[in-house]
Amino acid sequence: MKINHHNLPEHALGGQRRLTSFHFGQPGVGKKIYLQASLHADELPGMLVLHYLKRLLCQAERQGDIRSEIVVVPIANPIGLAQVLLNGGVGRFDLVSGGNFNRDFPDLAQRVRDSLLAQSFSDASDYRQRVRSAMIAAVGAMPSRSEVAALRQQLLLLACDADLVLDLHCDDQAILHMYADPAYRQQAEILARFMDIGTVLLSQDSGGGSFDEACGLPWHRLAASQTEWRQFGLGCMAVTLELRGQQDVSHALASNDAGRLYRYLQYYGAIGGEPPVVPERETLMLPFSAGEIVRAPASGILLLLRQPGDWVDAHEIVAEVIDPLTDTVTAVYAQAGGLIYASRSAPFVTLGAEIAKIAGKTPYAGGGGLAA
């Protein structure tokens, strides 16, 4: 295992931070796999999962079983991890700019298209190699105008040339679920079955400039821009794994999830040993555009009447908000219905606060949309 430390520019005097990456295998040997956790720094389950996965990878390395380049970043956001207010972490938003740490990653297709137009490609392998080299060069040339911009740049330098990108997150309280590109539907279903995930939300471009889409979406955009490039196919399956809720941090859960990831990497061919059989599991593939974020219609005490994992009908009551000053009880309804896959844990809401996330089966006008 090789450990690299990547220094970030000082935001303020005397406070330089660094990003740490762990490297297994040899660059250029096999496919490249990139895994990171806690880009939202207050989402800790993935951090513990990668702690356990590193142990398994070190054991595989000692046995000579690493067959690919595997890069692991357990703490993808040292900036957010240091943002503590009254003993509570504020890891989702940058306290300097107010921006979400997992939004506004650059469009690499736009940055590399012109340089690729001047080249010719002999086959799909040559095309993928040249696109990846162009993306690395483009990311390396990006200006680092802030500490957060430098962090985004460094994460992309580690990940943008990977064949497989797994970004580990969690929600407030939630069931296991996953966000994936519909172009990789079959491969995503296999990953979901290994991870014991029953719900996959499919979206090619959610519109927020998230990290996973910054790695996978450029391949779509390049193919769309030049007809002759479409024959070469795509080059990166980038997935966001949502590992339940923020409080779901335990040795048992993390070690089990790490073991599942390890077996998937064996199946993928990145680790030696007998390739495991794909687990039998029903996996629901739902369009992200059929999703709904349920918001509080009033401020007050929140009582959830339905929980993550429950199916609800359109216009069904899913929660109540109680105002103890006026004794008003306001019902909260699902708009289109579907599976509740995440919900709020705090029992008090302000007007417009997010209460639950629902994934339906049929896209509808206004469906989809990213959480703040």
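We use all heavy atoms of the structure for the numbers below, so side chains are in, but hydrogens, waters and symmetry mates are not.
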Are [X] and [Y] connected, step by step, through hydrophobic side chains (Ile, Leu, Val, Met, Phe, Trp, Tyr) whose heavy atoms are closer than 4.5 Å?
X	Y	result
Val131	Leu157	yes
Ile317	Leu339	no
Ile75	Phe211	no
Leu351	Leu325	no
Phe288	Leu191	no

May I ask you to check whether [X] and [Y] show a side-chain donor-acceptor distance below 3.5 Å?
X	Y	result
His23	Asn4	yes
Asp212	Ser210	yes
Asn77	Ser38	no
Asp171	His177	no

Tell me whether [X] at atom [atom1] has more than 12 heavy atoms from other residues, nucleotides or ligands lying less than 6.0 Å away.
X	atom1	answer
Gln231	CD	yes
Gln16	CD	yes
Gln204	CD	yes
Gln186	CD	no
Glu10	CD	yes
Phe348	CZ	yes
Tyr364	OH	yes
His5	NE2	yes

Any [X] side-chain heavy atom under 4.5 Å of [Y] side chain:
X	Y	value
Leu304	Ile355	yes
Leu253	Leu48	no
Met237	Asp181	no
Leu176	Met195	no
Val332	Leu305	no
Glu147	Val96	no
Met142	Arg152	no
Tyr262	Gln59	no

Check your understanding: Passes side chain to side chain contact (heavy atoms under 4.5 Å, CB included), Gln173 versus Gln246? Steps please.
Key -> CA-CA 6 Å; Gln173 56 183 8; Gln246 286 181 304; over 6 Å; no
Residue pair [X] / [Y]: nearest heavy atoms and the distance that separates them:
X	Y	answer
Lys54	Val72	CG-CG1, 4.0 Å
Val165	Cys236	CG2-SG, 3.8 Å
Val318	Ile340	CG1-CD1, 4.4 Å
Arg344	Ala353	NH1-CB, 3.9 Å
Glu292	Ala336	OE1-N, 3.2 Å
Leu370	Gly208	CD1-CA, 3.4 Å

Please round to the nearest 0.5 Å and tell me the distance separating atom [atom1] of [X] and atom [atom2] of [Y].
X	Y	atom1	atom2	answer
Asp126	Gln119	CG	CD	8.5 Å
Trp229	Leu117	CH2	CG	4.5 Å
Tyr179	His169	OH	NE2	10.0 Å
Asp65	Leu57	CG	CG	11.0 Å
Leu265	Arg67	CG	CZ	13.5 Å
Ile175	Lys357	CD1	NZ	12.0 Å

Exercise for review: Could you walk me through whether Leu108 and Cys160 pass the side chain to side chain contact (heavy atoms under 4.5 Å, CB included) test, one step at a time?
Suggested key: CA-CA 9 Å; Leu108 295 184; Cys160 72; 3.9 Å; yes
Practice item. With salt bridge (charged side-chain N to carboxylate O under 4.0 Å, His left out) as the test, would you mind laying out the steps for Asp205 and Arg221 before giving the verdict? Key: CA-CA 10 Å; Asp205 183 3; Arg221 289 176 171 164; 3.2 Å; yes
Strictly below 4.0 Å, N to O, side chains only: are [X] and [Y] in salt-bridge contact?
X	Y	answer
Arg244	Asp248	no
Asp42	Arg92	no
Asp94	Arg103	no

Exercise for review: Please assess Trp219 against Arg128 for the test side chain to side chain contact (heavy atoms under 4.5 Å, CB included), listing each intermediate value before the final yes or no.
Suggested key: CA-CA 9 Å; Trp219 296 91; Arg128 286 193 294 269; 3.9 Å; yes
Check your understanding: Checking side chain to side chain contact (heavy atoms under 4.5 Å, CB included) for the pair Tyr184/Leu164: CA distance, chi angles, key distance, verdict?
Key -> CA-CA 11 Å; Tyr184 288 95; Leu164 175 66; over 6 Å; no
